[in-house]
Protein chains: 2
Amino acid sequence: MSVSELNAPAQDYLKLIWSATEWSDRAITVGAMAERLGVTASTVSDGLRKLTQQGLVSHAPYGSIELTETGRRYALVMVRRHRLLETFLVNVLGYGWDEVHAEAEVLEHAVSDLLIDRIEEHLGYPDRDPHGDLIPTREGHQPRISAWQLSECEAGSELSIVRISDASPDMLRYFSGLGLSPGTHLRLEAQHPYADVTSVCVLPSEQAIDLGSAAARAIWVVGHTTEPTPPAK
Amino acid sequence: MSVSELNAPAQDYLKLIWSATEWSDRAITVGAMAERLGVTASTVSDGLRKLTQQGLVSHAPYGSIELTETGRRYALVMVRRHRLLETFLVNVLGYGWDEVHAEAEVLEHAVSDLLIDRIEEHLGYPDRDPHGDLIPTREGHQPRISAWQLSECEAGSELSIVRISDASPDMLRYFSGLGLSPGTHLRLEAQHPYADVTSVCVLPSEQAIDLGSAAARAIWVVGHTTEPTPPAK
DNA sequence: GAACAATGTTTGGTGCGTCTAACATCGTCT
DNA sequence: AGACGATGTTAGACGCACCAAACATTGTTC
Ligand SMILES: [Mn+2]
Ligand SMILES: [Mn+2]
Ligand SMILES: [Mn+2]
Ligand SMILES: [Mn+2]
């Protein structure tokens, strides 16, 4: 069997379960899956039962949602497809980074393994997609990197953006307008927790920006000059 | 409404109905559609009834199968998608011309109009796919060209291959081995009707080849030096 | 610890594409 | 003209993804 034999919803379930644990250690819930996929909880619950029967997910009723080893392998194939497709659309076909997610979300279910390998070769084996997300290898290897949400960092530090969540195209366009993308250097000026505002300064232009909490949570950074800044506890 | 809102089987039906009239003037039958799509005749019959209700096909029970004007427009969008995808896979990603048909058959249902336009631009607006088939324009324009099956031509003429049917990947590989592809020049040495053999000579190498009738029917030619050779009546 | 709100599951039902089997029509051959 | 084989249609059923509504469980609050 292979992930290509699953139908699109099952492929999306696996990818989503895996993605939830990429930047968090709490497993995803049925409700969160339903909301993200735009279906009802009953549909997700049913889908999880079938994936459990197929040995791809381990989920007892009312229990937590985990991938089996095979399920994780399949999920990484889907993540790899998605991110290589996004990179291809941006680097080769001139898409904006805010336009690629929806297109990749559909294409990932239609491409063959051969096509993905050819795209990877044509791109020169990139390791990150346009949003800074790591691209799993053909062998299903995905290095674990550490980064912190801008919203959790301490004021005063100099930071590099390594990743911006691609969940909202509107937010990506907003970031484009501000000149924020993976690779951008920042100085974190201040956190104003009760105002839900994070003040940063883009380097080297010294342009000051105030970000709301949703924006500050979508941006992931590492320390720029020194070692990675530990998350503020 | 647009062709993208139809499901994949409906898109395939429209494309197939149109394709049948590209190189022949007899409309396709229910049985032929069923065989080509790998479904039963009852499934096709049902699908045609729905397409007729949607105003894309005109088909009375036991009657002939025709596209409406809208149906034809949609069909050409699908043909355009298919042929641009094939061209892209060969020219950009290094596929062989025998490998692209199956891949394009799936991808054509998943790509957006924007993606297809970007691919076309990236390819430099090609007018033919790897099999020599004409690529409809974005406006749905498809020039009518005249060509003849090699099997119908008269011995003695010098010919250029303009198109090779992509229906059988095995046959395409066979032609690759013989050095036959769109653009190849030939001299038709002899037709042996009762032996079902067509003898040709590749130019300028003068290599002699005997083709069976299925092969000679898959190759479409025009006159090389002079005007197009009329079909032998 | 009982009540309750939030979360998850099950049940019953719809729409859709597909199939098989029964039935209808068409075209051809005698 | 009638018979018959080939072709096409219809009826009935199935699997699947999905939903709404009823039901079950969980965890938290008083
Ligand atoms: Mn998807
Ligand atoms: Mn991405
Ligand atoms: Mn297709
Ligand atoms: Mn082709």
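The sequence lines fix the lettering, A, B, ..., with proteins before strands; numbering per chain opens at 1.
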>> From the set D/dG8, C/dT20, D/dA20, return the single nucleotide nearest to any side-chain atom of B/T40.
In response: C/dT20
> Does a side-chain N or O from B/H59 land closer than 4.0 Å to OP1 or OP2 of D/dT9, or not?
Replying inline: yes
> Step by step, would you call B/I119 with B/V111 a side chain to side chain contact (heavy atoms under 4.5 Å, CB included)?
Replying inline: CA-CA 11 Å; B/I119 283 176; B/V111 294; 5.7 Å; no
> Out of A/R83, A/R80, A/R81, which residue meets the salt bridge (charged side-chain N to carboxylate O under 4.0 Å, His left out) rule with A/E120?
Replying inline: A/R80
What nitrogen or oxygen pairs link the protein and nucleotides 10-14 of chain C at under 3.5 Å?
none

>> Expressed as a whole number of angstroms, how long is the span from B/Q53:CD to D/dT9:P?
In response: 14 Å
>> Return the OH to CG distance between B/Y74 and B/L67, rounded to the nearest 0.5 Å.
In response: 12.5 Å
> Atom CG of A/L48 and atom C1' of C/dT9: how far apart are they, to the nearest Å?
Replying inline: 11 Å
>> Classify the ring geometry of A/W97 against A/H131: parallel below 30°, tilted from 30° to 60°, perpendicular beyond 60°.
In response: parallel
> Atom CD1 of B/I28 and atom P of D/dT7: how far apart are they, to the nearest Å?
Replying inline: 14 Å
>> In whole Å, I'd like the distance from the OH atom of B/Y13 to the P atom of D/dG8.
In response: 14 Å
> Between D/dC19, C/dA24, C/dT18, which one does the side chain of B/V39 approach most closely?
Replying inline: C/dT18
>> Rounding to an integer number of Å, can you tell me how far A/Y62 OH sits from C/dT7 P?
In response: 14 Å
>> Has A/E152 got a side-chain atom pairing as donor or acceptor with A/Q149's backbone, closer than 3.5 angstrom?
In response: no
>> Nearest whole Å is fine: how far is D/dG15 P from A/Q54 CD?
In response: 16 Å
> Between atom CG in B/L6 and atom P in C/dC16, what is the gap in whole Å?
Replying inline: 13 Å
> Does A/E35 use its side chain to pair, donor to acceptor, with the backbone of A/A32 at less than 3.5 Å?
Replying inline: no
> To the nearest Å, how far apart are B/K50 NZ and C/dT18 C1'?
Replying inline: 9 Å
